[in-house]
Amino acid sequence: MEPVHPEFVPDADLDRDEMEALQCDIADAAVFEDDFEFDPERVCADRETGQRALVETDSSSDGGPVVVGVDQAFLDDDRAVSALVALQDGEVIERAHAVAPTEIPYIPGLLSFREGGAILAGFRELSVEPDLAFFDGSGRIHFREAGLATHVGVTLDLPSIGVAKNLLCGRPVASTDGLSEGERVGIEANEDVTAADGTVIGHAVQSRQYDSPNRYINPLIVSPGHRVGAETAGDLVLACSAGYKLPEPTRLADQYADDLKGEIAD
DNA sequence: GCGACAG
DNA sequence: ATCTTGTCGC
C-alpha cells in the first residue's frame, strides 16, 4: 500500500525543529478514538481462537480482520530492514520486507524519522490490504503525541497501535508492578506531553505473567497510533497475545526481521 | 547545570 | 537496536 498523506512521509533531511513541527501536524490529523470498519471481536492470536470466533459469529464466509505486525532490524552499515507479517484469523497470510538506509541516529522522540522510511518501503511491498497494524514503539505516548505508530498510521491512514517495551514519557496512574496477566494500568499525560495533563494516552498492559514464582515479566506499553482509542488498543493487544509477552503479529515480525538480517548480511 | 528519554 | 554464555526456574 502507498501513503495517503505524502506530506507526512518522514524526511530525515529536515531540521530538528521542522521534524517536531511535522509531528504536531501529524498529531492534529491523528484520531485517538475507535474509527475502523473491522470487528474487533474477530481479531485473534491463533487459529484455535480464530476458528472459535468464526463459529460464534457465524460469519465464516468472509475472512476476519487482517492484522500486520511490523519490526525492524539493523545491518552493520547504516541500513534498516523492515519486516512485516500479516495475519488473518490467526494465520500468516503474507510476509513482506524492505531495506533502506538509516539517515539519522536514534534520537528519543524522533524515532520515526530514522525508521519510517524503511517501514513505508515495506508497506509498499505488501500486497494485502491490512485492517490494523502493530508497531514496535510508541504511538500517542510521545512528547508531541506523534510516536512511530502514529506517524506511520496517519501517513497511511491505517488504524495502528504502538507496542513498546519501555515507557518514553507520561505517568502511570498507579504502580505497574505485580500486575496479573490481562491487567492494565493507565498512562496519563504529564508536563512532558502536549496533551492536557491527566489525559489517558495509553496503558501498561500485562500480556503475560508467570504464575507465582519469583520471576517477573514487565508489562508492555501500549498506546493508540491512529483511529484506535487507548482502551481498545489494549484490548486488541491482549486479543493477539498467545502465551508470549509480545502479541503474535509483533513476535512473528521480530522473528522475520532477525531471519532477514542474517540472510541479507551481505 | 541536572535529569530523562521508544528503538 | 546490537554485542552474547550461561543460568535460573517451571
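Below, chain A is the first sequence line, B the second, and so on; all start at residue 1.
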TODO: Specify the closest pair of heavy atoms between A/Ala29 and A/Val154, including all atoms of both residues, with the distance to one decimal.
DONE: CB-CG1, 4.0 Å
- [ ] Would you indicate, yes or no, if C/dA1 has its OP1 or OP2 atom less than 4.0 angstrom from a side-chain nitrogen or oxygen of A/Lys165?
- [x] yes
Task: Rounded distance (Å) that lies between atom P of B/dA6 and atom CG of A/Leu111 - done: 9 Å
Task: Presence of A/Asn166 side-chain N/O under 4.0 Å of B/dC5 phosphate oxygens OP1/OP2 - done: no
- [ ] Looking at every strand, decide which applies to A/Leu110 at a 4.0 Å heavy-atom threshold: base, sugar-phosphate, or nothing.
- [x] base
- [ ] Determine if A/Tyr106 stacks with C/dA1; use a centre-to-centre distance below 5.5 Å and an interplanar angle below 30° as the criteria.
- [x] no
Open item on the list: Tell me if the aromatic rings of A/Phe32 and A/His226 count as close, with their centers under 6.0 Å from one another.
Closed with: no
TODO: State, to 0.1 Å, how close A/Phe134 and A/Leu236 come at their nearest heavy-atom pair, and which atoms those are.
DONE: CZ-O, 3.9 Å
TODO: Starting at atom CZ of A/Arg171, determine the distance to atom C1' of B/dA4, rounded to an integer number of angstrom.
DONE: 16 Å
Task: Integer-rounded Å distance: B/dC5 P and A/Gln23 CD - done: 18 Å
Open item on the list: Ignoring hydrogens, what is the shortest heavy-atom contact between A/Val173 and A/Glu188? Give both atom names and the distance.
Closed with: CG1-OE1, 3.4 Å
Open item on the list: If I take atom CG in residue A/Asp78 and atom C1' in nucleotide C/dT2, what distance separates them, rounded to the nearest angstrom?
Closed with: 13 Å
Task: Euclidean distance, atom CD1 of residue A/Ile119 to atom P of B/dA6 [Å, nearest integer] - done: 16 Å
Task: Minimum-distance nucleotide to A/Arg215 side chain [options: B/dC5, B/dA6, C/dC8] - done: C/dC8
TODO: Determine which bases of DNA chain C form Watson-Crick or G-U wobble pairs with both distances under 3.5 Å, and write the result as a 5' to 3' dot-bracket string with | for other-strand partners.
DONE: ..........
Task: Shortest non-hydrogen separation from A/Leu220 to A/Pro247 and the atoms involved - done: CD1-CD, 3.9 Å
Task: A/Phe36 six-ring face occupied by A/Arg227 cation (under 6.0 Å, within 45°) - done: no
- [ ] Identify which nucleotide among C/dT2, C/dC8, B/dC5 has an atom closest to any side-chain atom of A/Lys261, counting heavy atoms from C-beta outward.
- [x] C/dT2
Task: Dot-bracket encoding per residue of DNA chain B, Watson-Crick/G-U cut-off under 3.5 Å, | denoting interstrand - done: .......
TODO: Tell me, please, whether A/Tyr244 has A/Arg251 positioned over its six-membered ring: NZ or CZ under 6.0 Å from the ring centre and within 45 degrees of its axis?
DONE: yes
Open item on the list: Checking contacts here: which listed nucleotide (B/dA6, C/dC8, C/dA1) is nearest the side-chain heavy atoms of A/Pro108?
Closed with: B/dA6
Task: From B/dG7, C/dT2, B/dA6, nucleotide with atom closest to A/Arg114 side chain - done: B/dG7
Open item on the list: So A/Ala73, base contact, sugar-phosphate only, or nothing? Heavy-atom distance under 4.0 Å.
Closed with: sugar-phosphate
Task: Gap between atoms CD1 and C1', on A/Ile104 and B/dG7 respectively (whole Å) - done: 12 Å
TODO: Scan side-chain atoms only and decide if A/Thr194 and A/Glu145 contain a donor-acceptor pair under the 3.5 Å cut-off.
DONE: yes
Open item on the list: Measure CZ/A/Phe143 against C1'/B/dC5 and give the value in whole Å, please.
Closed with: 5 Å
- [ ] Calculate the interatomic distance between A/Asn190 atom CG and B/dG3 atom P; express it in whole Å.
- [x] 18 Å
Task: A/Gln72 and A/Glu115: CA distance, side-chain angles, deciding distance, side-chain hydrogen bond (donor to acceptor under 3.5 Å, both in side chains) verdict - done: CA-CA 8 Å; A/Gln72 296 78 239; A/Glu115 312 186 344; 2.6 Å; yes
Open item on the list: Atom CD of residue position A/Glu191 - does it have more than 12 heavy atoms of other residues, nucleotides or ligands inside 6.0 Å?
Closed with: yes
